[in-house]
Amino acid sequence: DRVGEANARELWAFLTSNPDRPPSLGRVTKYRGRGVPTWHYYLTGAARLDYQIDPKFQTRPDGDEHKCLFIVGLDYGSH
(Lines give C-alpha, C1' and ligand atoms only; values in the text may rest on other atoms or scores of the structure.)
Protein backbone atom coordinates (compact mmCIF):
# COMPACT_ATOMS: atom_id res chain seq x y z
CA ASP A 1 0.00 0.00 0.00
CA ARG A 2 2.78 2.45 0.80
CA VAL A 3 4.39 2.36 -2.65
CA GLY A 4 1.43 1.40 -4.83
CA GLU A 5 0.83 -1.68 -6.94
CA ALA A 6 2.26 -0.20 -10.15
CA ASN A 7 5.55 0.68 -8.42
CA ALA A 8 5.74 -2.75 -6.79
CA ARG A 9 5.23 -4.44 -10.16
CA GLU A 10 7.91 -2.26 -11.78
CA LEU A 11 10.32 -3.13 -8.96
CA TRP A 12 9.64 -6.86 -9.38
CA ALA A 13 10.14 -6.68 -13.16
CA PHE A 14 13.42 -4.82 -12.64
CA LEU A 15 14.78 -7.16 -9.95
CA THR A 16 13.98 -10.29 -11.98
CA SER A 17 15.51 -9.02 -15.22
CA ASN A 18 18.56 -6.71 -14.97
CA PRO A 19 19.09 -5.51 -11.38
CA ASP A 20 22.68 -4.50 -12.10
CA ARG A 21 21.69 -1.97 -14.81
CA PRO A 22 19.81 1.33 -14.57
CA PRO A 23 16.01 0.84 -14.44
CA SER A 24 13.63 2.34 -16.98
CA LEU A 25 11.72 3.93 -14.08
CA GLY A 26 12.91 4.76 -10.61
CA ARG A 27 16.50 5.30 -9.55
CA VAL A 28 19.29 2.97 -8.47
CA THR A 29 22.52 3.90 -6.70
CA LYS A 30 25.38 1.46 -6.24
CA TYR A 31 27.38 1.81 -3.02
CA ARG A 32 30.77 0.17 -2.83
CA GLY A 33 32.04 -0.51 0.60
CA ARG A 34 33.82 -3.38 2.12
CA GLY A 35 32.74 -6.70 0.71
CA VAL A 36 29.79 -7.01 -1.64
CA PRO A 37 28.42 -3.80 -3.24
CA THR A 38 24.95 -2.79 -2.06
CA TRP A 39 22.44 -1.34 -4.52
CA HIS A 40 19.71 1.07 -3.40
CA TYR A 41 16.52 1.14 -5.47
CA TYR A 42 14.37 4.19 -4.73
CA LEU A 43 10.63 3.68 -5.13
CA THR A 44 9.22 7.15 -5.95
CA GLY A 45 10.42 8.64 -2.67
CA ALA A 46 8.10 6.35 -0.70
CA ALA A 47 10.65 3.66 0.10
CA ARG A 48 14.14 2.34 -0.59
CA LEU A 49 15.00 -1.30 -1.21
CA ASP A 50 18.61 -2.35 -0.57
CA TYR A 51 19.97 -5.43 -2.31
CA GLN A 52 23.18 -7.22 -3.18
CA ILE A 53 24.05 -9.36 -6.19
CA ASP A 54 26.27 -12.43 -6.02
CA PRO A 55 27.15 -13.45 -9.59
CA LYS A 56 28.53 -16.83 -8.52
CA PHE A 57 26.30 -18.01 -5.66
CA GLN A 58 26.49 -21.69 -4.73
CA THR A 59 24.20 -23.56 -2.33
CA ARG A 60 27.03 -26.00 -1.58
CA PRO A 61 30.78 -25.99 -2.33
CA ASP A 62 30.48 -28.42 -5.26
CA GLY A 63 27.20 -26.94 -6.60
CA ASP A 64 26.56 -25.01 -9.79
CA GLU A 65 27.16 -21.26 -9.75
CA HIS A 66 24.14 -19.01 -10.29
CA LYS A 67 23.54 -15.27 -10.20
CA CYS A 68 21.57 -14.53 -7.03
CA LEU A 69 20.02 -11.36 -5.61
CA PHE A 70 19.69 -10.86 -1.86
CA ILE A 71 17.34 -8.26 -0.42
CA VAL A 72 19.11 -6.83 2.62
CA GLY A 73 16.73 -4.05 3.64
CA LEU A 74 13.54 -2.12 3.00
CA ASP A 75 13.31 1.39 4.40
CA TYR A 76 10.09 3.43 4.45
CA GLY A 77 11.67 6.35 6.29
CA SER A 78 14.78 8.45 5.82
CA HIS A 79 14.80 9.67 2.20
Side-chain angles (χ1 to χ4, degrees):
D1 277 350
R2 291 185 184 189
V3 297
E5 184 177 346
N7 289 327
R9 287 182 185 273
E10 174 64 30
L11 171 63
W12 180 252
F14 170 73
L15 291 177
T16 58
S17 59
N18 293 308
D20 51 351
R21 296 189 190 161
S24 58
L25 296 173
R27 186 176 59 132
V28 172
T29 304
K30 181 178 181 181
Y31 286 92
R32 298 174 194 202
R34 296 181 189 150
V36 179
T38 299
W39 302 73
H40 302 298
Y41 182 98
Y42 296 90
L43 292 108
T44 68
R48 185 186 78 214
L49 181 91
D50 301 335
Y51 62 94
Q52 297 174 338
I53 301 169
D54 185 344
K56 297 181 178 184
F57 180 75
Q58 293 175 286
T59 56
R60 59 181 193 269
D62 62 340
D64 293 338
E65 293 180 347
H66 300 278
K67 184 176 184 179
C68 191
L69 183 140
F70 298 93
I71 296 174
V72 295
L74 179 60
D75 185 4
Y76 290 111
S78 62
H79 35 267

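Values reported hereafter were calculated over all heavy atoms of this structure, with side chains retained and with hydrogens, waters and symmetry mates removed. All values derive from a computational prediction rather than experimental measurement.
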Measuring from Asp75:CG to Tyr42:OH, what's the distance to the nearest 0.5 Å? 9.5 Å
So the salt bridge (Lys or Arg N to Asp or Glu O under 4.0 Å) pairs with at least one residue in residues 3-16 (sequence neighbours excluded) are Glu5-Arg9
Output all residues satisfying ring-ring contact (aromatic ring centres under 6.0 Å, His included) with His40, sequence neighbours left out; order by chain, then residue number. Tyr31
Going by the rule side chain to side chain contact (heavy atoms under 4.5 Å, CB included), which residues pair with Leu69 if we only count those two or more places apart in sequence or in a different chain? Leu15, Pro19, Tyr51, Ile53, Ile71
Show the nearest heavy-atom pair for residues Ser17 and Ala13, with the distance to one decimal. OG-O, 2.8 Å
Donor-acceptor contacts under 3.5 Å from residues 56-63 side chains, at least two apart:
| residue | atom | partner | partner atom | Å |
| --- | --- | --- | --- | --- |
| Gln58 | NE2 | Pro61 | O | 3.3 |
| Gln58 | NE2 | Gly63 | O | 2.7 |
| Arg60 | NE | Asp62 | OD1 | 3.0 |

Going hydrophobic residue to hydrophobic residue with side-chain gaps under 4.5 angstrom, can you get from Leu74 over to Phe14? yes
Run the salt bridge (Lys or Arg N to Asp or Glu O under 4.0 Å) test against Asp54 and tell me which residues pass, sequence neighbours left out. none
Path from Tyr76 to Trp39 over hydrophobic side-chain contacts below 4.5 Å: yes
What pairs with Lys30 under salt bridge (Lys or Arg N to Asp or Glu O under 4.0 Å), at least two apart in sequence or on another chain? none
Listed once per pair and sorted, the salt bridge (Lys or Arg N to Asp or Glu O under 4.0 Å) pairs that draw on residues 13-27, sequence neighbours left out: Asp20-Lys67
